[in-house]
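The structure displayed is predicted, hence computed values, not measured ones. Throughout, numbering of the chain's residues begins at 1 and tracks the sequence. Atoms within a ligand are numbered from 1 in the order they appear, just like the ligands themselves.
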Amino acid sequence: MKVIDIHTHPIFFGENAKPAETRKMIQREKKQGFVHVVALPDVLRYGRLPDEKQSRILNDEMISVVKIGQGFVTGFCGLNPKLGEKAVRTEVDRCVGEGTLRGLKLEVSCNALDPDMRWIMEAAEQYDVPILQHTWNQLYNSARSYHSDPEDTCALARKWPNVRIIMAHLTGCGIRGIRAARGIDNLVIDTSGGAPEAGLVETAVKELGDRRVVYGSDWPIRDLPTAVGRITGSAISSRAKQRILHDNAAEFLRL
Ligand SMILES: [Zn+2]
């Protein structure tokens, strides 16, 4: 079965940054049957608030991964919204405006509803590129001021209906996150992160339909076969599996 992985970290805390190592990572993904992957920057290497210089280092690495991948990789540009409009615009123009990176990645610099997200959303709208927002249940967690709960990411998507948003981490979003995502056509949930939970993929398909769930692994933080098995082992139709593993991401990323 053909697979597109919408959530990978080829370089993680500085590991695999050498071109020879990156090539090895790509070979391994191809061996697994992957036909395309999204590469996300090493966003937490310098903590949750990288400065302008640190952001440039991480995004330059993504640009080189895209070049090594020769069409196999879509690279996303990591941004810290708290650096302000000028810094965000400069980095998006440099990385996305040149056409090398084709998406924006938001981690835990600020909550998805922070006013400083405006620069990010305007840039995404202008360049017509998707956003991947790290998301995890924050109901019992005091980090919500900078860590997005599924309710926050879904509210962001409703506020900006012309921007395509990937809400990361199905396990972290849970059933409450799936329900929050109902009726938001510009938002998909990726299945990356956390251990598979019985019934969760099935619930996502039942509540959202089979077009708004996309396969992701979070590799190498998570195990690739387990991430794929979460989809292949779920009690959904083979058509839905094909949609989640490949077709939805191909449409969403406009490959
Ligand atoms: Zn991730």
Side-chain angles (χ1 to χ4, degrees), residues 3-17 22 25-26 28-29 32 34 36-50 54-55 57-59 61-62 65-66 69 73-81 101-112 120 129-138 141 143 146-150 152-153 156 164-174 177 181 187-197 200-201 204 213-228 230-231 244-245 248-249 252-253:
V3 180
I4 296 172
D5 194 330
I6 210 159
H7 192 136
T8 71
H9 297 271
I11 300 168
F12 189 59
F13 282 97
E15 260 182 56
N16 302 315
T22 304
M25 297 289 278
I26 289 174
R28 169 133 189 243
E29 289 169 321
Q32 290 275 335
F34 292 7
H36 197 86
V37 299
V38 166
L40 304 171
D42 195 3
V43 275
L44 290 171
R45 189 190 305 168
Y46 302 113
R48 69 175 191 87
L49 293 165
Q54 292 165 338
S55 297
I57 292 170
L58 301 178
N59 290 327
E61 288 175 354
M62 282 306 95
V65 170
V66 168
V73 180
T74 294
F76 275 35
C77 170
L79 295 165
N80 167 7
L101 302 184
R102 298 299 305 149
L104 310 179
K105 159 72 165 144
L106 282 309
E107 186 64 28
V108 290
S109 295
C110 67
N111 183 283
I120 311 284
V129 290
I131 285 182
L132 190 146
Q133 171 68 63
H134 167 88
T135 306
W136 208 275
N137 183 350
Q138 295 299 303
N141 194 329
Y146 58 84
H147 199 142
S148 303
D149 183 81
D152 304 326
T153 304
L156 177 76
R164 288 168 285 153
I165 294 181
I166 304 161
M167 179 159 80
H169 307 316
L170 178 64
T171 299
C173 292
L187 178 139
V188 296
I189 302 186
D190 86 28
T191 61
S192 76
E197 272 180 29
L200 205 50
V201 169
V213 184
V214 291
Y215 163 74
S217 62
D218 224 359
W219 189 61
I221 307 165
R222 311 286 179 174
D223 177 58
L224 272 188
T226 306
V228 175
R230 178 201 304 256
I231 313 300
I244 293 169
L245 286 169
N248 292 344
F252 187 86
L253 297 169

Evaluate H9 against D218 for side chain to side chain donor-acceptor pair (under 3.5 Å), listing each step before the verdict. CA-CA 6 Å; H9 297 271; D218 224 359; 3.0 Å; yes
Does D5 use its side chain to pair, donor to acceptor, with the backbone of V37 at less than 3.5 Å? no
Donor-acceptor contact below 3.5 Å, side chain D152 vs main chain A112: no
Can you check whether S55 reaches C77 side chain to side chain, under 4.5 Å on heavy atoms? no
Any V108 side-chain heavy atom under 4.5 Å of L44 side chain: yes
Heteroatom count (protein N, O or S) under 2.8 Å of the Zn ion (ligand 1): 3
Between H169 and H134, how do the two ring planes meet: parallel, tilted or perpendicular, split at 30° and 60°? perpendicular
